[in-house]
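What follows is a set of notes on a single structure, which appears directly below.
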Amino acid sequence: MLINCQKCDSRLTIEEAATLPGRKICCPHCHYVFVANITGGENKILQSKEARVIAVCNRKGGVAKTTTVLNMGASLAVYGKRVLLVDFDMQANLSIVLGLTNREKSFYDLLHTPDSAISEVVKKTRYKNLWVLPSNSKMALLAKQNLNRKDFVYLLRDQLESLKKVVDYIIIDTPPSIEFYTLNALMAADFVIIPTQCEFLSVHGVAHIEEAIKVIKERKDKSLDYAILVTMADKNSTAGHVMYKKLLEQYADKVLATQIEHDVKMQESQIMNLIVAQYDKKSPSARQYLQLAEEIEKMLV
Ligand SMILES: Nc1ncnc2c1ncn2[C@@H]1O[C@H](COP(=O)(O)OP(=O)(O)O)[C@@H](O)[C@H]1O
Ligand SMILES: [Mg+2]
């Protein structure tokens, strides 16, 4: 099948063009990404809706940021959404739980290799509708080598721009800090999910992200709403109930209705490099991440 690039008008065969999620085509000449409707022998160009970009952040480590990026993303993919996960943490935990190695290209390689296109770095996962932009150990150099740039907070936003036309959701995993990496994620995002356990230091971490969101909104006149997700909830913990009440008092309707329970199946699934729904679809956390995907879908339409 022959098609024309929507931008540079080069004549391409579907095989020659690098295909992205679904039927998205990346022109090998100008790297423009577009959607071609090739059913019924037609060659119409479709304009798809722009992706929602969600950053998953908390200054505290171990609150299930990475777990939420993967399992919420996979749940949205189950509902037929095309989802790109971005591993923007030098620890590369998201890439590791997806079974990828340090040899994969990362955002660092994309930025520091002349003429490289994001479509060459994004990898299809084993799950339908789910792609990942991996991380590797070179990501640690990204901040050092780019901090002097005036536009350093927009590096991720600018690279994701072309993919916003070809997926429904972009979900960004971040490290437990509010510096170069998380700032880039917040600048690229239009929504933030802040996972927290119902324990003192995790809830404390929520306030730091909330503060950063306020500053970004004021300075940039940017739409950036957020929601708080309770993770690893323990129904039998009195301290947990107390912290949950505090969370509701402080953040009220920003706290998502869905809570993710502490579930050993989640830990087991990660050892097997699987999403929890694949490992045990009847487990509490598998059901709750599906419910979370529904809640987010309704909230972000
Ligand atoms: N619902 C859950 N039940 C039990 N363990 C969980 C759950 N969610 C995450 N974990 C575990 O908690 C640890 C930290 O999760 P992770 O997603 O890596 O946090 P972060 O990215 O915030 O550092 C991991 O060992 C993970 O397996
Ligand atoms: Mg993590």
Side-chain angles (χ1 to χ4, degrees), residues 54-75 85-100 102 106-107 132-137 139-140 142 156 171-182 184-186 189 192-209 212 226-237 240 243-244 256-293 295:
I54 304 175
V56 178
C57 312
N58 188 325
R59 213 180 73 153
K60 173 96 169 55
V63 294
K65 290 183 289 298
T66 302
T67 303
T68 297
V69 168
L70 176 61
N71 289 280
M72 184 185 74
S75 299
L85 310 179
V86 177
D87 192 346
F88 215 59
D89 181 357
M90 68 184 88
Q91 291 182 72
N93 287 346
L94 176 63
S95 307
I96 293 166
V97 289
L98 278 165
L100 301 175
N102 198 39
S106 70
F107 187 84
V132 63
L133 197 167
S135 171
N136 59 27
S137 53
M139 283 292 281
L142 194 69
L156 181 59
I171 309 176
I172 310 166
D173 192 18
T174 62
S177 65
I178 313 180
E179 287 156 26
F180 178 90
Y181 301 91
T182 301
N184 259 276
L186 290 174
V192 185
I193 292 181
I194 313 175
T196 181
Q197 281 177 270
C198 276
E199 54 94 34
F200 184 69
L201 288 177
S202 310
V203 173
H204 200 63
V206 174
H208 286 274
I209 299 292
Y226 70 94
I228 296 163
L229 172 69
V230 171
T231 56
M232 293 184 261
D234 175 0
K235 282 185 250 167
N236 301 318
S237 156
M243 281 315 293
Y244 183 61
L256 290 162
T258 307
Q259 290 191 21
I260 312 294
E261 279 173 42
H262 190 276
D263 181 5
V264 284
K265 297 288 180 189
M266 179 59 82
Q267 289 159 340
E268 292 169 12
S269 70
Q270 292 181 348
I271 296 168
M272 304 301 286
N273 289 142
L274 291 172
I275 55 167
V276 72
Q278 180 94 354
Y279 180 70
D280 183 350
K281 67 177 181 199
K282 292 196 175 130
S283 61
S285 55
R287 285 188 282 104
Q288 288 153 1
Y289 272 110
L290 277 172
Q291 193 185 318
L292 174 65
E295 191 176 352

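Start at 1 and go down the list; that is how both ligands and their atoms are numbered.
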Quick one: does V264 get an N or O within less than 3.5 Å of an N or O on ligand 1? no

Here the gap from D173 atom CG to L70 atom CG, rounded to the nearest 0.5 Å, amounts to 9.5 Å

Residue, atom name and distance, where the atom is the protein heavy atom closest to atom 6 (C) of ligand 1: M232 SD, 3.6 Å

Could you state the interatomic distance from CE (M272) to CG (D280), rounded to the nearest 0.5 Å? 12.5 Å

Is it true that some N/O/S atom of T67, main chain or side chain, lies under 2.8 Å from the Mg ion (ligand 2)? no

Determine, using heavy atoms of K265 and all atoms of ligand 1, whether some pair is separated by less than 4.0 Å. no

How many angstroms lie between atom NZ of K265 and atom OH of Y279, to the nearest 0.5 angstrom? 5.0 Å

Check whether any N or O atom of G62, backbone or side chain, sits under 3.5 Å from an N or O atom of ligand 1, and answer yes or no. yes

Quick one: look up the protein heavy atom nearest atom 27 (O) of ligand 1 and list residue, atom name and how far away it is. Q270 OE1, 2.6 Å

Residue pair T258 / Q288: nearest heavy atoms and the distance that separates them: CG2-O, 3.4 Å

If we set the cut-off at 4.0 Å for heavy atoms, which region of V63 has an atom near ligand 1: side chain, backbone, both, or neither? both

Polar contact flag, side-chain donor to acceptor under 3.5 angstrom, T68-Y289: yes

Using a heavy-atom cut-off of under 4.0 Å, does the side chain or the backbone of M266 touch ligand 1, or both, or neither? side chain

Looking only at distances, can you tell me whether any N or O atom of N93, backbone or side chain, sits closer than 3.5 Å to an N or O atom of ligand 1? no

So, is D173 polar-close to ligand 1, with some N/O to N/O distance under 3.5 Å? no

Proximity to ligand 1 by part of K65, non-hydrogen separation under 4.0 Å: both

In Å and rounded to the nearest 0.5 Å, what is the CD to CD distance from Q291 to Q259? 10.0 Å

Return the residue, atom name and 0.1 Å-rounded distance of the protein heavy atom closest to atom 19 (O) of ligand 1. A64 N, 3.1 Å

Take the angle between the ring planes of H204 and F200 and call it parallel below 30°, perpendicular above 60°, tilted in between. parallel

Under 4.0 Å from atom 4 (C) of ligand 1, can you find at least one protein heavy atom? yes

Please report the closest heavy-atom contact between C57 and V192, naming both atoms and the distance. SG-CG1, 4.2 Å

Beyond-backbone contact of T196 with M243, side-chain heavy atoms, under 4.5 angstrom: no

Nearest-contact summary for atom 15 (O) of ligand 1 - protein heavy atom, Å: T67 OG1, 3.6 Å

With only distance considered, is Q267 within less than 3.5 Å of ligand 1 through an N or O on each side? yes

Check: K60 and E199 side chains under 4.5 Å, non-hydrogen atoms: yes

Note, P134 side chain near D87 side chain (heavy atom, < 4.5 Å): no

Least distance between heavy atoms, F88 atom then Y181 atom: CD2-O, 3.5 Å

Among non-hydrogen protein atoms, atom 1 (N) of ligand 1 lies closest to E261 O, 2.9 Å

Relative to the heavy atoms of I260, which atoms of ligand 1 are at a distance of less than 4.0 Å? 1 (N)

When you measure from the heavy atoms of T231 to every atom of ligand 1, does any distance fall below 4.0 Å? no

Nearest-contact summary for atom 18 (O) of ligand 1 - protein heavy atom, Å: T66 CB, 4.1 Å

